[in-house]
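Inspection log for the structure reproduced underneath, given as C-alpha cells.
Here the structure is a predicted model, which is why all the values come from computation and not from measurement. In the text below, chain A, chain B and the rest are named by the order of the sequence lines, each starting its count at 1.
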Amino acid sequence: MSENDSAVETVDAPPPAAAGVAGSHGGPAKPGSVFSRLSGGSMTRSIGLVIALLGLVLIGFLTAGDRFVSVGNLLVILRLASVIGVISIGMTFVITGGGIDLSVGSVMGLSTVVATLSWVQAFAKDSHWIVMVLVALLVGVAAGFINGFVVAYGGVVAFIATMAMLVGARGLAELLANRTTQIVNVNGFKAVFAGSLLGIPVLIWIFALVVAGGWFLLNRTTFGRRTVAIGGNVDASRLAGINVKRHTMYLYALTGLTAGIAGVMMLGRTTAGTSTHGTLIELDAIAAVVVGGTLLVGGRGSIMGTVLGVLIFSTLSNVFTQNNMSTSVQAIAKGAIIVGAVMLQQRFANRPTKKAVPPAPAPAGA
Amino acid sequence: MSENDSAVETVDAPPPAAAGVAGSHGGPAKPGSVFSRLSGGSMTRSIGLVIALLGLVLIGFLTAGDRFVSVGNLLVILRLASVIGVISIGMTFVITGGGIDLSVGSVMGLSTVVATLSWVQAFAKDSHWIVMVLVALLVGVAAGFINGFVVAYGGVVAFIATMAMLVGARGLAELLANRTTQIVNVNGFKAVFAGSLLGIPVLIWIFALVVAGGWFLLNRTTFGRRTVAIGGNVDASRLAGINVKRHTMYLYALTGLTAGIAGVMMLGRTTAGTSTHGTLIELDAIAAVVVGGTLLVGGRGSIMGTVLGVLIFSTLSNVFTQNNMSTSVQAIAKGAIIVGAVMLQQRFANRPTKKAVPPAPAPAGA
Amino acid sequence: MTNVVNGGPLLTVRSLTKGFSGVQALKGVDLEVLPGEVHCVLGQNGAGKSTLIKTLSGTHQPDSGEIHWHGEPISIANPVAALGLGIATMYQELDVVDGLSVAENIFLGHEHAKAGVIDRRMTNRRARELMARLGHGNISATAEVGTLSAANKQIVSMARALSHDTKLIIMDEPSAVLDSDEVKNLFRVVTDLSAAGIAVIYISHRLEEIHQIGDRITVLKDGRTVATNLPVDATPTAELIKLMTGRDVANVFPAATPLEDGAPVVLDVRELALPGVFEDVNLQVHAGEIVGLAGLVGSGRSEILETIYGARKSSKGSVTVSGVAVKPGSVGSAVEAGMGLSPEERKSQGLILDEPIYRNVTLASFVRWAKGGRLNEKAERAVAREQLVSLELRPADPDRVTRTLSGGNQQKILLARWLVHGTKVLLLDEPTRGVDVGARAEIYALVRQLADDGTAVVVVSSEIDEVLGLSDRVLVIAGGRVLHTSPADAIDEHGVLDMVMKGSAA
Amino acid sequence: TPGETDPAAGGSGGASSDAGTPASPEAAKPGEKVTIGFSGPAADHGWMGAINSAALKSAKGFSDVELVVAEGTNDASLQISQIETFINNKVDAIVMLPTDGAALTDVAIKAMQAGIPVVNVDREFSSNFAARTTVLGDNYGMGVSAGTYICNELGGKKDAVVAEIAGIDSLPLTQDRSRGFKEALGDCGLTVSNRVAADFTVQGGEAATSQLLASAPKLDAVWNHDDDQGIGVLAAITAANRNEFFMVGGAGSKNAMESIKAGDSVLRATVIYPSTQAADGIAMARLIALGLPATDFVTQGVPNRVVLDAPVVTKENVDTYIGAAFDS
Ligand SMILES: Nc1ncnc2c1ncn2[C@@H]1O[C@H](COP(=O)(O)OP(=O)(O)OP(=O)(O)O)[C@@H](O)[C@H]1O
Ligand SMILES: Nc1ncnc2c1ncn2[C@@H]1O[C@H](COP(=O)(O)OP(=O)(O)OP(=O)(O)O)[C@@H](O)[C@H]1O
Ligand SMILES: O[C@@H]1[C@@H](O)[C@H](O)OC[C@H]1O
Ligand SMILES: [Mg+2]
Ligand SMILES: [Mg+2]
C-alpha cells in the first residue's frame with residue numbers, strides 16, 4: 001500500500017506548467033491536502049472560489065454582525081443552498097459529459113405537482129409517505145430519460161432538446177395541477193422533510209448525501225470515468241468502444257433524478273406542489289456549476305467546485321437580505337459578483353486552453 | 001499538368017454518399033436557385049425549416065381558414081416576429097462567432113427604460129425624437145461592449161459573462177425606472193414607430209432592413225467572414241493575423257446594438273418603457289437561431305435560417321391563438337414542435353461531420 | 001537542386017531559447033537560411049522544430065537569442081509582423097476554417113475589400129490564380145473548405161502562404177497528410193518557389209523527401225542545433241538518423257515472418273458495402289498476418305476500416321471475428337469481438353488530450369479492474385506504467401497529461417490501449433503520421449511483434465512504401481473498390497501507383 | 001380619475017367613438033351570439049389561475065357568449081399580437097388583463113378605434129381611451145387595509161417591528177400596495193423595518209421569508225402581499241419556529257381563510273383582492289357587446305370604472321368570504 005502510494009507521488013509531480021492540469025485528475029497532487037483532493041485534486045482551481053466565499057462571509061460579518069454569524073443563520077443559508085445544490089450536482093454531471101440540461105427546474109416543478117396530486121396523496125396516506133417520494137423521483141427520471149433519448153438517439157442538440165422539455169414539462173404541470181397550488185397533507189411526509197435530524201434540517205442532510213454520492217460517482221466509478229471521457233472527446237470514447245449514446249441517456253436520467261430529489265426537498269420546504277416551483281433555477285444551477293470550475297464544453301467537472309459555487313450564491317443572497325437591500329440593487333451586485341468570482345477563479349486556475357472555447361483570451365498557441 | 005489535374009479530380013469528386021454534404025456547402029450545387037443563395041448557399045439545410053413552416057401554415061389554414069390566411073393576419077405575425085427577429089439576427093452573429101449572449105432581453109429592457117426617462121423624453125421633445133432612438137442604441141451598444149470586454153479581455157465564459165449582464169441590467173433598469181412603467185409621450189416618436197409606410201408597419205420595415213443588413217454583413221464583408229473564421233477555428237484566425245479579442249468585443253457590441261434597435265421597436269409597439277420588456281426573450285432568440293441551422297458551437301451561421309426559425313415560432317403562436325388553445329396544452333405542443341422542427345431540419349441537413357469519421361449525431365453535445 | 005542566390009543569408013538565428021513553464025523546448029538553436037534555398041529542419045518528435053518555427057512566425061516570443069533578417073536584428077512580435085516581413089507559415093495542425101470558402105480562407109485576415117466589403121470577384125479570381133499556380137485549378141475557389149480532403153486543405157493552406165508577398169515560407173510537415181502523388185505536386189511547387197527566389201524551410205519526418213528537394217539541412221536534438229548547413233547531397237541518410245536519434249536505426253522494416261501453415265482466419269469480411277463509398281469488399285486476415293490497404297487519399301480506405309469496426313454502418317455484407325458475427329454499426333460489438341482501431345486522426349478521434357496518459361491507455365478496458373462499478377485507478381496506473389516502460393516512453397509517467405506528448409508518443413499510447421485490452425484484430429489507420437524515424441522503427445517492430453503473437457493486423461497508410469514494407473499482403477484500393485490483391489513482395493510502388501491511376505488492375 | 005366622468009371614454013352617449021355604445025348599430029342584438037376575446041398574463045400562480053377559471057366559468061354561464069382565450073403570457077409583445085389577432089378576427093369585445101397596463105394601452109386603443117369595446121381588468125391602462133370600462137381591485141386600498149389592521153392590532157406599540165413581504169417588485173400594483181401600506185402605518189407612527197420581495201410563487205415566498213426571518217430576530221407584525229406565496233411564507237415561518245408575531249395576508253385564498261378560521265398559525269387576517277375581476281369583466285363585456293343595460297342600475301349602461309372592495313378578512317368574518325375564495 002504505502003509503496004504504491006509513494007510511487008504515485010513521484011509520478012505525480014509533473015513539471016510546474018502541467019501541475020494545474022495533472023492535479024485535476026484525482027491524482028493526490030499534494031498529498032495530505034484533503035481539500036485539494038476533495039475539490040477534484042485541484043486546490044489551485046478552487047482557491048479563487050474559497051477567497052470569494054470568505055470575502056462574502058467577511059462582508060456579512062462586518063455588515064450584519066452576530067445576526068449573520070450564527071448557527072441559525074448558517075442553517076438558513078444551507079437550507080437555501082440545499083435544493084439548488086442538489087440540482088447543481090446533477091447539472092455538473094451533464095455538463096461534464098459535454099451536454100446541458102435547461103429543463104431541471106421545470107421537471108422539478110412537474111415532480112412536485114405529480115407527487116401532490118390528490119390521488120397520489122390519498123394513496124400515500126393509505127400506504128406510506130414514501131410513495132410520494134417515489135412518484136417524484138420517477139417523474140424526474142422519466143423526464144430525464146426522454147431528454148436523454150432525444151439528445152442521444154434523436155440527435156437533437158442538448159440545449160434545444162432540454163429547452164423543449166423545459167417548456168413542455170411546465171405546460172404539463174400546469175395542466176395536471178389545473179393551476180392550483182397543491183398542499184401537502186400527508187403528515188408523515190411533512191414530518192420527515194420539513195424536520196430535522198440531530199438538530200440539522202433533513203434537507204441539509206439530503207444535500208450532503210447527494211454531494212458525497214455525486215463526488216464518489218464522478219471521481220471513483222466507471223460511470224464518472226465515462227462521463228469525463230465522453231465530455232473530453234466523444235469520438236475517441238466511441239471508438240474505444242464506450243456506448244456513448246446509452247451513457248448520454250443515463251446522464252440525463254441522472255440529472256432528472258436530481259431534479260426529482262430536489263422536487264421532494266421543495267415539497268418539504270414549502271409543503272406545497274406547484275408548476276411554478278423551480279422557475280429559472282436552471283440558470284442559477286448552470287452559473288454555480290460553471291463558477292465552480294466545471295468546463296462548459298465538457299471533459300472536466302468538479303463537485304466541490306459546484307458546492308462552493310452554490311454556497312457563494314446563497315450566502316450572497318443572505319448577505320443582501322441581512323442588509324435589507326432592494327432586489328434591484330441585489331441584482332446589480334449579483335451580476336458584478338458573478339463576473340468577479342469567475343475572474344478570481346480563473347486567475348488561480350491555469351487551465352489549458354481548449355480549442356472549443358472560442359473567444360477565450362487564450363494566449364496564442366493552444 | 002493535365003495529368004495532374006485529372007488525378008486530383010478523382011480524389012476530389014466525393015463519392016455519392018458524401019454528395020448531400022458537398023451539396024450543402026457551396027459547391028455550385030444548383031446555380032440560379034435564389035433561395036439557396038439567400039440561405040447561405042444551402043437549400044438542403046433549410047428545407048426542413050421550410051417544410052415545418054408550410055406545415056404550420058397548412059394547420060393554420062385548416063383550423064382557422066380565412067381568419068388565418070389574410071393580409072391582416074400576415075402583418076400580425078410579421079409584427080410579432082419583428083422585435084424578436086432583430087434580436088435573433090444579432091444573436092446569429094455572436095453564436096456564429098462561437099459565443100452566446102444571454103443578456104439581450106434585459107439589455108433591451110434597459111434600453112427602453114433609459115430612452116423613456118423623463119429627462120430624456122423632455123430633451124427629445126425639445127429637440128428631436130431621434131434623441132430617444134440614439135439613447136436606446138447607445139445603451140445597447142454600451143452594454144454589448146461591456147459584455148464583449150468581459151468575454152474577450154476578462155476571459156470569462158460568454159454564458160456566464162452575459163448571464164451576469166442579464167441579471168445586472170435588469171436590476172439597473174428597475175432602479176432607474178423606479179419600477180414604474182414609463183409612458184412614451186414624444187409624439188413624433190410614436191408617429192414613426194407605431195406607424196406604417198406604404199401600408200406596412202414601420203416595425204416590419206426595420207426588421208427587413210436588419211435582415212438584409214445582417215445578411216450582407218455576414219456573407220459579404222470582412223467582418224462577417226472573420227466572424228465565421230473565429231467561430232470555426234480561433235487559432236487559425238489568430239494566426240491569420242485577426243485581432244480575435246477586438247473582433248469578439250465588436251461582436252457583442254453588435255448584438256447589443258440589435259438589442260437597442262429592438263428596444264426602440266418595443267417602444268414603438270408598446271409606447272411604454274419598462275424593465276420587464278424582453279424577459280426570457282433570449283431563450284426564444286437562441287431557439288430560433290439554432291433551429292435555423294446556425295451551429296451552437298460556432299463556425300457556421302445562416303441569417304435566412306434564423307429568419308425562418310423566428311417565423312416558425314411566431315406563426316406557431318398565432319395558430320395557437322387562432323385556435324383558442326389552453327395555455328398549458330400550447331406549452332406541451334410547443335415543446336414537441338421545437339424537437340420535431342430540429343429533427344426535421346437535421347434530416348435534411350446532412351451536416352458535415354467535422355472530422356471524417358463520426359457519422360453519429362453528436363451525442364451529449366451542447 | 002536550386003541556384004543559391006548570393007548576397008548573404010536571408011534569415012539567421014543564433015542561440016535561440018524558449019521555455020514553457022517547466023519544459024525547455026529550445027535550448028540553443030542556430031539556423032541560417034539563404035534566399036531561394038530549401039532548408040530542411042530535421043529532428044525527432046519533441047526536438048523543438050515546431051517551437052522554432054512558431055518563434056519565427058511571431059506566435060511565440062523567444063526567451064533569448066537573436067534573429068536577423070537580411071542581416072538586421074529584429075524581433076517578431078506577432079503573426080502579422082511576420083507576414084509583414086515576408087515570412088509566411090503553413091502550420092503543422094491544419095489551420096484552415098471549414099466554414100469558409102477556399103478563396104475566403106486564402107485571404108483571411110488580408111481580404112480584398114473596400115470599406116469592409118469584400119470584393120468577391122477579385123478574391124475569387126486571385127484565389128483561382130493561386131490554386132492554378134499550385135496545380136490545383138480544379139479546386140473551386142468558392143467551394144467550402146470543410147468539404148475538401150485533408151490534402152486539398154493543405155493546398156489551401158499553401159495558397160494562403162503564397163498570397164502574401166513572401167520571401168520565406170515555412171512548411172511544418174506539409175507532406176504528412178499527403179499521398180505520394182500529392183507529394184510530387186508539392187515538390188513541384190517548392191521547386192518553383194525556390195526558382196523564384198523564395199526560401200523554404202521544410203520540415204518532415206520522411207527522410208527520403210529531403211533528398212528529393214532539400215538544399216541544406218539543420219538537425220535539432222532536444223532543443224539544440226546539433227548540426228547545421230549540411231549539404232543534402234553529401235549527407236547520407238544513416239548519418240542524419242544518427243544525428244537525430246543519437247544511435248543507429250538499422251533496417252527500418254522488420255523482416256516478415258512467414259505465415260504459419262493452417263493459421264486460422266481471424267477477421268473475415270464478406271461483401272461489405274457502404275453505399276456510395278465502397279462496395280463488395282472481401283477480406284480475410286489470418287492470425288499473425290499483416291494486411292495493408294494501399295491507395296490514394298480519398299480512395300475509401302479509412303472508410304473500409306471504420307465500417308469493419310462498426311464506426312460506420314454497412315448496408316450489406318458481414319464481418320466476423322473468429323467466427324463471431326459483429327453487429328453492423330456497433331463499435332461496442334466489434335470491441336467485444338476482439339477488434340481494436342487506431343484511428344486516422346490521433347488527436348480528434350483517438351485521444352482525450354487533457355486526460356492523463358493512463359486513462360487513455362485504459363480507455364477501452366478500465367471496466368476490467370473495476371469492482372461493482374468502482375474504479376481501481378491504482379491497478380490502471382500500474383498496468384499503464386508497465387506498457388509505457390515496455391514501449392520505451394520516457395518518462396514513463398502515467399499521470400502526465402496526454403496533450404504534452406510528442407506525436408510519436410501519442411501514437412504509442414493508442415497502441416498501448418489495445419495492447420492492454422488485448423485484441424485479435426488490430427486496425428491501424430496511418431499509424432506513423434507525423435512520427436519521427438526512430439519512433440517509426442519502434443512502431444513497425446511493435447506491430448510485427450503483435451502479429452507474431454497471433455494478432456491479425458490491417459494497416460492503412462498513404463506512404464506506399466510503408467504499406468509494402470510492413471505488410472505480408474497488400475490490397476490496392478481505388479474509388480471504393482479492391483483492384484488487386486497480392487503478396488507485398490510481389491508488387492512495388494510503381495505498380496501500385498500505376499494501378500490506382502488507371503483505376504483498374506493491369 | 002377623469003375616466004369616471006369623461007364621456008369620450010365611450011360611456012353612454014359618447015360621441016367620439018361608438019365603441020360599445022349601447023345603442024350603436026354595430027352592437028349585437030340581444031339574444032344573438034357574441035364572441036369575446038380574453039387575454040391575460042401567464043396563469044402561473046393560484047390567483048391568476050383563479051382569474052382564468054372564473055372567467056371561463058362566467059363565460060360558460062352565458063349561452064350567448066363564445067369566449068376565445070389567448071395563450072397567457074408575460075411578454076407584452078406577444079400579448080399585443082394576440083389583441084391584434086382579436087381585432088383582425090373582429091371579435092365583439094375584448095377582456096384584457098394586461099401583463100403591463102401601459103405597454104398594452106396602444107393596442108387597446110386600436111381595438112377601441114376598430115369598434116371593439118375593451119374591458120380592462122386588474123392592471124390599469126395608461127389612457128382613458130383604451131377601455132370602455134375598467135374593473136380593478138384596489139391595490140392601494142389593500143395596503144391601507146393591511147396597514148390599518150396592523151396598527152389597530154398593535155394598539156399603539158410605538159417601537160413595533162413590522163416587516164413586509166411584497167410580490168413582484170417590478171409591477172406597478174406592488175408599488176401601489178406598498179405605498180398604501182406605508183402610508184397607513186405612518187398614520188399610527190410605524191414604519192416598515194424589513195422588506196423583501198418574492199415573486200407571487202410559493203418557492204419565492206419561502207426563500208425570501210427564510211432570509212427575512214434570519215435577518216430580523218424579533219418581529220411584531222408581517223404583511224405578505226399574496227396568499228399564494230403565503231404558502232411558502234408560512235412554511236418558512238414554521239421551519240424557523242417563529243410565532244412571536246402575527247401576519248396579514250393578501251388576495252384571499254381559500255387556504256389562507258381556512259388557516260385564519262382555524263387559528264392554527266401566525267396568519268390572523270388577509271386582505272381580499274378579488275380573483276373574480278375577469279369574470280365580472282366578461283359579464284360586463286357581454287352586456288356592452290349586446291347593448292344591454294347593467295342590471296339593477298338605474299343609469300343606462302355599464303359604468304366606466306369599477307373598483308372592487310379590499311376588505312380585511314379575520315376570524316370573525318371569515319365565514320362571509322370563504323365561499324368565494326379561490327383555490328391556491
Ligand atoms: N456559397 C456558394 N454556394 C454555391 N455556389 C457558390 C457559392 N459561392 C459562390 N458560388 C458560385 O461561384 C460562382 C462565382 O461566385 P460569385 O462571386 O458569382 O458568387 P455568387 O454567385 O454571388 O455566390 P452566392 O451563391 O454566395 O451568392 C458562381 O457560379 C456561384 O454559383
Ligand atoms: N505550448 C507549449 N507548452 C508546453 N510545452 C510545449 C508547448 N509547445 C511545445 N512544448 C514542448 O516543447 C517540446 C518541443 O515541441 P515541438 O512541438 O517544438 O516539437 P517538434 O520537434 O515540432 O515535434 P514533432 O515532430 O512531434 O512535431 C516538446 O517537449 C513539447 O511537449
Ligand atoms: O398576479 C397578482 C396576484 O397574485 C396578486 O395577489 O394580485 C394581483 C395580481 O396581478
Ligand atoms: Mg512539430
Ligand atoms: Mg484515410
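Only the side chain of Arg79(A) comes within contact range of chain D, judged by heavy atoms closer than 4.5 Å. Of the two parts of Thr276(A), the backbone and the side chain both hold a non-hydrogen atom closer than 4.5 Å to a non-hydrogen atom of chain D. Looking at Ser253(D), there are no atoms closer than 4.5 Å to chain A (heavy atoms on both sides), in backbone or side chain. With a threshold of 4.5 angstrom between heavy atoms, Ser314(A) approaches chain D through N, CA, C or O but not through any side-chain atom.
Taken from CD1 in Ile231(D) to OG1 in Thr274(A), the straight-line distance is 8.5 Å, to the nearest 0.5 Å. Ser215(D) contributes atom OG, which lies 8.0 Å from atom CG of Asn318(A) (distance to the nearest 0.5 angstrom). Atom-to-atom distance recorded for Thr181(A):OG1 and Phe326(D):CZ is 8.5 Å, nearest 0.5 angstrom. To the nearest 0.5 Å, atom CD of residue Glu206(D) and atom OG1 of residue Thr271(A) are 9.0 Å apart. Atom-to-atom distance recorded for Ser210(D):OG and Asn73(A):CG is 10.0 Å, nearest 0.5 angstrom. Rounding to the nearest 0.5 Å gives a distance of 3.5 Å between CG of Asn255(D) and CD1 of Ile183(A).
Between Ser317(A) and Gln211(D) the shortest heavy-atom distance is OG-NE2, 2.6 Å.
The ring pair (Phe, Tyr, Trp, His ring centres under 6.0 Å) check on Phe207(A) picks up nothing, with sequence neighbours excluded.
Heavy atoms from other residues, nucleotides or ligands lying under 6.0 Å from CG of Asp66(A) number 12 at most. By the 6.0 Å contact criterion, CZ on Phe123(A) is open, its count of non-hydrogen atoms from other residues, nucleotides or ligands being 12 or less. Open room surrounds NZ on Lys182(D); 12 or fewer heavy atoms of other groups in view lie less than 6.0 Å from it.
Of the listed residues Gly195(A), Pro201(A), Ala177(A), Gly278(A), the one with more heavy-atom pairs under 4.5 angstrom with chain D than any other is Gly278(A). Note on Pro217(D), Ala214(D), Gly49(D): by heavy-atom pairs under 4.5 Å with chain A, the leading option is Ala214(D). Between chain A and the residues Val202(D), Asn194(D), Thr201(D), the largest count of heavy-atom pairs under 4.5 Å involves Val202(D).
Residues Thr270(A) and Gln203(D) have side chains that never bring a donor and an acceptor to within less than 3.5 angstrom of each other.
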